[in-house]
Number of protein chains: 2
Amino acid sequence: MTHDTPRPRRARQLPTTEELRIWRDFIETADTLRSELTARLQSESSLSSGDYAVLLALNEAEGHRMRSSELAAHIDWERSRLSHHLGRMERRDLIRREECAADSRGAEIVLTPTGLQSFRQATVPHLRAVRELFVDALTHEQLIAAGDLAATLRARLSAAGRQRGSAAQAKAARSDTG
Amino acid sequence: MTHDTPRPRRARQLPTTEELRIWRDFIETADTLRSELTARLQSESSLSSGDYAVLLALNEAEGHRMRSSELAAHIDWERSRLSHHLGRMERRDLIRREECAADSRGAEIVLTPTGLQSFRQATVPHLRAVRELFVDALTHEQLIAAGDLAATLRARLSAAGRQRGSAAQAKAARSDTG
DNA sequence: ACTACATAATTGACATGTCAATCAGCGCCG
DNA sequence: CGGCGCTGATTGACATGTCAATTATGTAGT
């Protein structure tokens, strides 16, 4: 198990079968985790993970309001994605758009009472689920290892991103994790 | 760093700040990884990760053909998702649908020459990217730890899924990892 | 053969994402 | 002041996903 690779690392072009198996396990498990959390959030509070990310940011914002572009930066979404999503959330009365006094191009996104209530109802069950399915599933050592893996992989990703100006670098990520 | 939790684990309801940080890092990094791989696949071969999953399955299938429902089971997609996706792939001449002799309700999905060629062009760069961004980023110990984490988390997920018949259990996962 | 139910696959409606315009207001510079 | 180029935000076109019908065909039981 410790030496399934006859050739030295540097000489290989492609992952071995075992490496590929670990890769698949890893990425699929992370996905399953996300989709389970998303499903619970949805069934317990009728919020999508995107909704949650937006509400979380607004809840923490000064006066429960934020400029649209700041919000986009905060949760790391593309502006058009946010715009579409805000439209849907506004229809459901979770947020409201107001004109911005300082800059009349801008919009201020405001948390509505409905939105605040939805968020408050969602938050404890959601964090409990994170604890149940992630934190408590792991030993302390595994939790540390998870943090270590994340840091290592992120370092590689951003190095690679810098080298090739990857457009997709971190696009979909940093979204709905709260 | 080893004891940021005064209260015993069992007494806690919610994750600590540090646990939440690790959780976010972990899940966001996995997402970033997926999105980087997807972006590279797209730019190098004009295939989405969904396309790749379908083509991979067909490429390995007997005669480069498979019943639609088997294909869905193999890559673990919902049937309607597959149906929609096959429609799009058929328009691009990557696959073809044929009537099934044995069961006239059924459809056989066949890899076209175009589809085969696209897949072959995509596969080596894709695996190289997996190696660069995942396998080679990690030490051997980290790789083992990744496999261990995946197994542990998956066990918890399927236990939780069994307990509450979660509909979303592993829906989006196991898709496009190849 | 006829009814009733299960199965294979597609469809339609809609949620969510991406990318490339578009539109309007802000500011600087001559 | 007037033009011109940023910037903030939205829009439209389209890819992708989910869920709940719908369609057509197989199969079992009487």
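The backbone N or O of A:Q42 lies less than 3.5 Å from no partner atom in the side chain of A:S45, so there is not a single donor-acceptor pair. At distances below 3.5 Å, not a single donor-acceptor pair connects side-chain atoms of B:T152 with backbone N or O atoms of A:L138. With A:S68 contributing its side chain and A:A107 its backbone, the two residues share no donor-acceptor pair below 3.5 Å. Between the side chain of A:D25 and the main chain of A:I22, no donor-acceptor pair closer than 3.5 Å is present.
The distance between atom CD1 of A:I95 and atom P of D:dA9, rounded to the nearest whole Å, is 12 Å. In this structure, A:W77 places its CH2 atom 14 Å from P of D:dT10, rounding to the nearest Å. The nearest whole Å value for the distance from the CZ atom in B:R96 to the C1' atom in C:dA9 is 19 Å. Atoms CZ (A:R81) and P (D:dG17) sit 14 Å apart, rounded to a whole Å. Rounded to a whole Å, the CD1 atom of A:I109 is 11 Å from the C1' atom of D:dT10. Rounding to whole angstrom units, CD of residue A:E90 and P of D:dT11 are separated by 10 Å. Between the C1' atom of D:dT10 and the CG atom of A:L86 lies a distance of 11 Å, rounded to the nearest Å. Rounded to a whole Å, the CZ atom of A:R79 is 20 Å from the P atom of C:dT16.
One axis for each end of the helix from C:dA1-D:dT30 to C:dG30-D:dC1, each built from five base pairs, and the angle between them comes to 10° at 10° resolution.
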**Study point:** CA sep, side-chain torsions, deciding dist, call: B:R156, A:E36, salt bridge (charged side-chain N to carboxylate O under 4.0 Å, His left out)
**Key:** CA-CA 11 Å; B:R156 168 65 59 108; A:E36 176 69 22; over 6 Å; no
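Between A:E44 and A:R128 there is no salt bridge, since no side-chain N of the basic residue sits under 4.0 Å from a carboxylate O of the acidic one.
Scanning for ring pair (Phe, Tyr, Trp, His ring centres under 6.0 Å) contacts around A:F119 gives A:Y52, with sequence neighbours left out. Annotation: ring pair (Phe, Tyr, Trp, His ring centres under 6.0 Å) contacts of B:H84 (sequence neighbours excluded): none. Annotation: side-chain hydrogen bond (donor to acceptor under 3.5 Å, both in side chains) contacts of B:S83 (sequence neighbours excluded): none.
Contact check, B:R67 against C:dA9: a side-chain N or O comes under 4.0 Å of OP1 or OP2.
B:R97 comes within contact range of the sugar-phosphate backbone alone, with a heavy-atom separation under 4.0 Å but no base atom that close. Here A:S69 lies in heavy-atom contact (under 4.0 Å) with sugar-phosphate atoms only.
To the nearest 0.5 angstrom, A:M66 atom CE is 10.5 Å from A:E108 atom CD. With values rounded to the nearest 0.5 angstrom, A:R131 atom CZ is found 4.5 Å from A:D136 atom CG.
Scanning residues 98-108 of chain A for heavy-atom distances under 4.0 Å to DNA chain D yields A:R105, A:G106, A:A107.
Between B:W77 and B:H85, the ring-plane angle classifies as perpendicular under the 30° and 60° cut-offs.
Taking the side chain of A:E78 as heavy atoms from C-beta on, and the options C:dT18, C:dA8, D:dT18, the nearest nucleotide is C:dT18.
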Distances for protein N or O near nucleotides 12-15 of chain C N or O, under 3.5 Å:
residue	atom	partner	partner atom	Å
C:dG12	O6	B:H84	NE2	2.7

